Amino acid sequence: MLVVKNLSKKYEKVEAVKDVSFEVYPGEIGVLLGPNGAGKSTTIKSIAGLLRFDGSITIDGKENKTIGAKRVFGYVPESPAIYESLTVWEHLEFIARAYELKDWAEQAEKLLVRFDMDDKKKMLGKELSKGMQQKVSICCALLINPKMIMFDEPMIGLDPKAIKELKDIFVELKNSGCAVLISTHIIDSIEEVWDKVLIMNKGEIKVNRTRAEMEASGESLEQVFFSVTDKEEGQ
Amino acid sequence: MSALLFIIRRSLKNIIKGVFKKFSTLIGYIVVIAFLALTLILSMSGSGGNIRSAPPELFNGIAVLVFTIMYYTSLSVGIEKGSTYFRMADVNFLFTSPIRPNDVLLYGFLKNIGGTFIMVILTFFQIPNIKNNFVLQPYGIWMLLAAVAAYALSFPLISIIIYSWSSKEKKRRQILKRILNIAVLAIGAIALISLSQTRNLGSTIETVFNNPVFKYFPVIGWTASIASYAVSGFTPEFWVGASGMLALIVGISIFLYFMKLDFYEDVLVGTEYVESALKAKREGKSIKFNEKIKNKENFKLGGKGASVIFSRQLLDIRRYSHFFFIDSTTLWIIIAGIGFRFIMPDEVHDFSMLLVVCFSVYMLLIFQMQGRLNTELEKHYIYLIPASSHKKLFYATFAEHVKNLADGVILSVISGLLFKSDIGTIAACALTYIAYGGVFVYTDVLCRKLLGKIHGKTLVFFIKLMVTLLILIPSIVSAIVAGAVTGSEFWTIFAMGGTGLILALTLYILSAGILDNIEVAG
């Protein structure tokens with residue numbers, strides 16, 4: 001579903017991402033782990049089509065910047081930025097129009113109920129707390145019924161109930177055949193849900209393993225993470 | 001496009017609804033609009049152009065000068081970060097949606113027309129000034145507004161093109177910035193040489209900026225030539241300017257609309273900058289773009305207890321200053337103060353130093369509204385330092401006084417030399433600057449103590465401004481009395497500064513307790 005081949009991204013002379021390749025298949029949850037400055041957000045932004053890059057990225061077989069690819073992927077950014085002068089409901093209506101969705105209202109209602117936002121439908125963007133803005137951002141990404149979805153540090157600012165709902169949603173998305181890519185540096189937050197781990201450091205993917213491979217080796221995610229990042233620091 | 005039009009339509013509707021929901025905001029808008037409308041009607045009904053019939057050349061020169069400054073500032077930001085029509089919400093929702101980038105750009109363009117509308121309204125209310133000084137052509141005002149609109153529409157387009165080219169290599173960006181800076185320095189040097197010869201700002205503007213090279217200079221000259229219709233009517237340069245700007249805006253738009261666009265990355269950094277600038281504005285802070293911070297090892301913290309606050313601020317000043325205490329504020333205050341003296345009529349030139357100091361302290365009032373103390377009070381450290389509130393307030397504001405002393409002395413000495421003033425008047429001028437600086441600092445502190453936390457930074461700004469002006473009444477009155485009685489510039493400025501000093505000390509004593517806790521500080 002998501003195929004990233006030889007992705008490189010330079011800012012001036014700094015190589016933020018160096019020749020990165022990986023895939024996330026339908027029904028798979030891939031997690032992009034790494035310390036601050038590892039290149040996770042640059043990778044996600046490149047996949048979302050926000051940055052120019054070298055290499056190739058395809059989503060559902062289409063080049064990521066094409067209209068066809070954009071129609072099938074969802075993106076939840078690291079910092080929720082929503083329209084100050086649109087209400088919560090109008091955000092969903094706007095997404096429905098942008099993606100030309102049909103019969104979306106019922107699903108929108110359900111999403112708002114799940115995230116305890118159904119009583120805040122008429123609140124303007126500027127009246128929402130950061131956590132609520134994050135919830136709107138998540139609802140908007142889920143409304144399009146994506147075939148591939150990316151979450152960039154999605155748990156930040158969410159209350160415990162919303163975190164639980166989001167974890168359930170990860171599993172539901174996986175079960176529905178959606179390819180999920182989550183970028184985070186908090187290992188505990190994705191411990192129960194991941195299928196494939198991609199550990200990044202200094203712009204490169206140092207580890208690309210499935211849960212089965214990891215279980216067979218008897219190592220925990222945390223052990224592998226620190227063995228990679230500490231080794232790099234020591235060099 | 002339906003989704004894009006939906007955002008524009010709904011946003012507008014919600015903004016208008018929001019104004020009607022908040023009664024106080026509505027009243028505020030009504031008062032401001034009524035005030036401006038009244039000014040406009042009164043000026044329109046008067047006999048325009050009879051107060052001071054300035055030559056059309058002066059108007060044309062001012063137009064070139066104003067547009068040069070406007071294009072220079074906006075393009076230099078554009079080169080560095082790419083100007084942007086967008087907000088982060090657009091980046092997160094629109095840039096990732098299945099909408100053609102060209103349509104997204106068109107949407108940004110439409111949004112910018114909204115911003116242009118505000119600029120046009122601001123220009124609209126300059127009409128009384130223009131009408132009082134120049135004889136206007138029929139429909140002249142509309143052409144002036146068209147020039148402003150042409151500027152607001154063209155600079156983001158030019159910025160996008162320039163940024164797309166220059167962002168690929170750091171060298172390109174440096175070359176462009178250098179060209180822009182050299183061009184502006186050259187213009188400034190030509191203007192200064194002319195000013196030193198004529199000693200008259202008006203005639204310098206007339207001679208330098210009415211030069212055909214400026215009038216026909218692409219973009220800047222073209223935009224100014226559209227504005228020049230207001231006083232000069234249909235001239236060859238108007239036609240060149242109008243057709244040039246039309247071709248430029250339409251040409252770049254068509255080019256951007258039909259080409260295979262990949263501009264998202266180009267506007268991303270600019271959008272992030274705009275977002276942080278807006279956030280800072282909402283919090284009542286100022287954001288300085290791309291400011292260089294000198295991190296030298298010999299800049300060290302000193303002091304113990306409360307005095308460490310002063311030491312930290314001193315370090316801050318040294319890291320941001322070009323040369324110890326001299327920074328952009330110093331330069332702006334000097335330029336504004338001395339520039340103000342030059343635009344005033346000859347009849348009041350006997351009081352040159354007074355004019356300089358009055359306008360400089362006015363500028364200081366604006367600058368100091370977002371001063372160092374603001375930054376200090378919003379962090380928790382100052383409340384935790386184990387020292388008395390008075391002591392902490394003294395040290396927290398001391399750096400501001402030292403900076404004002406440096407700025408005041410530089411301003412006074414330069415103006416004194418320029419206008420051949422005596423040492424006493426120069427010293428009185430510096431004293432007034434420092435004393436008024438103190439009044440502004442402690443009025444701000446007192447307002448925080450008395451008013452506590454008020455929502456709406458604009459309202460706070462307005463209240464502080466009003467309170468400051470009220471507090472300064474005794475000082476202004478004493479200066480007027482001293483001037484009327486003695487007829488001497490020295491005694492006028494000295495009375496102003498002396499009473500200012502007494503006011504500053506009184507306010508300092510009254511401000512005790514501000515640092516007891518974060519709630520008192522508002």
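Chain identifiers are assigned alphabetically (A, B, ...) following the order of the sequence lines, protein sequences preceding nucleic acid strands; residue numbering begins at 1 within each chain. On a predicted model such as this, the values are computed, not experimentally measured, just so you know.
Atom CG of D152(A) is separated from atom CG of N92(B) by 10.0 Å, given to the nearest 0.5 angstrom. The CH2 atom of W89(A) sits 12.5 Å away from atom CZ of R10(B), with the distance rounded to the nearest 0.5 Å. For the atom pair E100(A) CD and S97(B) OG, the distance stands at 10.0 Å (nearest 0.5 Å).
Of the two parts of I95(A), only the side chain, counted from C-beta on, holds a non-hydrogen atom closer than 4.5 Å to a non-hydrogen atom of chain B. Contact annotation for L124(A): only side-chain heavy atoms (C-beta onward) come within less than 4.5 Å of a heavy atom of chain B. The part of K9(A) that comes within reach of chain B is its side chain, from C-beta onward, which places non-hydrogen atoms under 4.5 angstrom from that chain. Interface remark: T87(A) contributes backbone and side-chain atoms alike to the contact with chain B (heavy atom separation under 4.5 Å). Neither the backbone nor the side chain of K10(A) comes within less than 4.5 Å of any heavy atom in chain B.
Y264(B) has its side chain out of reach of L51(A): every pair of non-hydrogen atoms, C-beta onward, lies at least 4.5 Å apart. Annotation: side chain of I7(B) is not in contact with side chain of E90(A) (no heavy-atom distance under 4.5 Å).
Here Y99(A) is the residue among Y75(A), Y99(A), F73(A) with the most heavy-atom pairs under 4.5 Å with chain B.
Other residues, nucleotides and ligands contribute at most 12 non-hydrogen atoms within 6.0 Å of the NZ atom of K147(A). Around NZ of K5(A), the count of heavy atoms belonging to other residues, nucleotides or ligands within 6.0 Å does not exceed 12.
In this structure, I99(B) and I67(A) approach most closely via the heavy-atom pair C-CD1, 3.7 Å.
Using cut-offs of 30° and 60° on the angle between ring planes, the pair F6(B) and F94(A) is parallel.
A donor-acceptor pair under 3.5 Å is formed between the side chain of K70(A) and the backbone N or O of F95(B).
Under the side-chain hydrogen bond (donor to acceptor under 3.5 Å, both in side chains) criterion, K135(A) pairs with D159(A), not counting sequence neighbours.
Of residues 102-109 of chain A, not one residue has a non-hydrogen atom less than 4.5 Å from any non-hydrogen atom of chain B.
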